[in-house]
Number of protein chains: 2
Amino acid sequence: MAKRVSLWNAGCPVARALDVIGDWWSLLIIRDAFDGVRRFNEFQAGLGIAKGMLATRLRGLVGKGVLDTAPASDGSAYREYVLTEKGRGLFLVIVALRQWGEDYLYRPGERRSSLVEARTDVPVGKLKLRSAKGRPLEWSDTRVTRC
Amino acid sequence: MAKRVSLWNAGCPVARALDVIGDWWSLLIIRDAFDGVRRFNEFQAGLGIAKGMLATRLRGLVGKGVLDTAPASDGSAYREYVLTEKGRGLFLVIVALRQWGEDYLYRPGERRSSLVEARTDVPVGKLKLRSAKGRPLEWSDTRVTRC
DNA sequence: CATATGAAGTCTCATAATGAGACCACTTGC
DNA sequence: GCAAGTGGTCTCATTATGAGACTTCATATG
């Protein structure tokens with residue numbers, strides 16, 4: 001491979017976002033972080049990722065401000081990886097991927113996890129695009145401006 | 001590299017979604033498709049992707065039911081790639097990525113494209129997670145069930 | 001109609017990224 | 001103190017990627 005292309009300067013927020021979290025593992029690491037995973041070995045065991053890859057990815061995500069390291073919350077001398085505010089901003093990306101997966105990649109009755117409201121255990125509602133004033137919008141109602 | 005890991009059977013819709021569109025180029029191809037790109041050369045020129053990669057990715061996305069091939073809409077003998085309904089379902093994933101990029105990856109005043117309502121040219125509203133009954137939810141109000 | 005140009009790929013090659021696992025230093029548990 | 005656990009680093013074989021030459025058929029031009 002020649003050096004992997006960077007998309008940072010494309011003027012498109014989608015491209016720039018993918019430049020940060022668009023590789024194979026980053027979003028899975030972030031998903032696990034949302035589910036409460038914090039320690040190196042937890043990520044490694046949960047994802048089945050090679051340790052070298054995980055170390056590289058965690059370093060990258062910390063460097064990009066998506067994760068931060070913190071002293072272990074259980075009082076041990078180890079460190080933990082926690083989402084920054086920027087990282088927590090990716091929640092809707094994970095939710096959108098989840099809802100698409102649920103809608104198009106599972107047969108009815110197939111076992112899968114669900115995102116539920118913690119207080120009631122009721123599945124959350126579907127994401128919906130709305131205008132600035134709150135009116136529901138479809139894809140065909142929108143366009144992307146030239147940058 | 002050993003053979004790239006597949007996540008299809010993880011029981012997590014996020015993992016399964018990433019198994020389909022989680023690589024470096026697929027979401028960019030899909031983004032361009034949403035912006036009206038349909039022809040091989042348009043994708044290639046717009047993304048700066050190697051032709052071999054593009055051919056592989058397009059074949060893969062067609063095979064996975066995200067894109068479909070159709071006769072060219074301009075009457076020529078060439079074919080086009082168009083989003084299927086399943087592919088159009090990814091719109092909110094693209095929007096979520098875009099909004100995250102806009103919020104955390106650009107300095108104020110930096111040039112970038114925007115997603116606007118076509119009729120009024122007003123930027124669309126922010127995505128928001130809501131409960132099944134429409135009440136706004138934060139990440140901390142939710143949890144993921146074991147599958 | 002003959003030729004040139006364009007579209008949509010395929011093929012090959014050098015190089016970068018990945019996965020597996022050995023190895024290492026420091027902590028903890030017992 | 002010693003074994004096990006944690007959090008990595010290093011190396012190696014293999015795969016994926018990027019660049020670009022080459023091919024085939026379609027369309028444009030004169």
Side-chain angles (χ1 to χ4, degrees), chain A residues 1-10 15 18-29 32-33 36-64 67-82, chain B residues 1-10 15 18-29 32-33 36-64 67-82:
Chain A
M1 197 192 299
K3 186 179 298 176
R4 175 166 270 179
V5 170
S6 164
L7 303 155
W8 185 261
N9 293 310
L18 288 172
D19 205 58
V20 176
I21 46 85
D23 68 279
W24 193 252
W25 289 112
S26 292
L27 273 175
L28 287 164
I29 291 169
D32 277 7
V37 172
R38 292 157 160 263
R39 299 277 283 261
F40 189 94
N41 271 2
E42 282 184 290
F43 284 112
Q44 211 245 314
L47 292 170
I49 184 177
K51 298 176 90 175
M53 276 295 91
L54 179 57
T56 302
R57 285 292 176 282
L58 288 173
R59 229 194 326 271
L61 290 170
V62 169
K64 290 163 180 165
L67 295 177
D68 201 359
T69 53
S73 53
D74 63 357
S76 72
Y78 299 116
R79 292 185 314 166
E80 300 185 335
Y81 295 90
V82 295
Chain B
M1 196 190 303
K3 186 178 297 176
R4 174 166 270 180
V5 170
S6 165
L7 302 155
W8 185 260
N9 293 310
L18 288 172
D19 206 59
V20 175
I21 46 85
D23 69 279
W24 193 252
W25 289 112
S26 291
L27 274 175
L28 287 164
I29 292 169
D32 276 8
V37 172
R38 292 156 161 264
R39 300 277 283 259
F40 189 95
N41 271 2
E42 281 184 291
F43 284 111
Q44 210 246 316
L47 292 170
I49 185 177
K51 298 178 94 175
M53 277 295 90
L54 179 58
T56 303
R57 285 291 177 282
L58 289 173
R59 229 192 328 269
L61 289 170
V62 169
K64 289 164 180 165
L67 295 178
D68 201 359
T69 52
S73 52
D74 63 357
S76 73
Y78 298 114
R79 292 185 313 166
E80 300 186 335
Y81 296 90
V82 294

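Note that these values count all heavy atoms, side chains included, but never hydrogens, waters or copies made by symmetry. So you know, we letter chains A, B, ... as the sequences are listed, proteins then strands, and number each from 1.
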(request) Please report, rounded to the nearest Å, how far the C1' atom of D:dG18 is from the CG atom of B:Asp23. (result) 15 Å

(message) Please compare B:Phe40 and A:Ile49 by the position of their nearest nucleotide in DNA chain C and report the one closer to 5'.
(response) B:Phe40

(message) Are the side chains of B:Trp8 and B:Val20 in contact, using a 4.5 Å heavy-atom criterion?
(response) yes

(request) Return the set of residues passing side-chain contact (heavy atoms from CB on, under 4.5 Å) with B:Val37 (not counting sequence neighbours), or none when no residue passes. (result) B:Asp32, B:Glu42, B:Phe43

(message) Whole angstroms only, please: what is the CG-P distance between A:Asn41 and C:dT28?
(response) 14 Å

(message) Rounded to whole Å, please give me the gap between CD in A:Glu42 and P in D:dG7.
(response) 8 Å

(request) For B:Arg57 and D:dA16, give me the distance from atom CZ to atom P, rounded to whole Å. (result) 9 Å

(request) Map B:Gly52 and A:Thr56 onto DNA chain C by nearest heavy atom, then report which one ends up closer to the 5' terminus. (result) B:Gly52

(message) Rounded to whole Å, please give me the gap between CG in A:Leu67 and C1' in D:dG7.
(response) 16 Å

(request) Starting from C1' on D:dT6, measure out to CZ on A:Arg38 and report it in whole angstrom. (result) 17 Å

Give every pair of a protein N or O atom and an N or O atom of nucleotides 23-25 of chain C that lie under 3.5 Å apart, one pair per line with the distance.
none

(request) Taking the side chain as every heavy atom from C-beta outward, state whether A:Leu28 and A:Arg57 have any atom pair closer than 4.5 Å. (result) no

(message) Is A:Trp25 close enough to C:dG19 that one of its side-chain N or O atoms is under 4.0 Å from OP1 or OP2 there?
(response) yes

(request) Could you check how far CD of A:Gln44 sits from C1' of D:dG5, rounded to whole Å? (result) 13 Å

(message) With the threshold set at under 4.0 Å for non-hydrogen atoms, list the residues of residues 71-81 of chain A touching DNA chain C in residue-number order.
(response) A:Ser76, A:Ala77, A:Tyr78

(message) Could you tell me how far apart B:Met53 (CE) and C:dA8 (C1') are, to the nearest whole angstrom?
(response) 16 Å

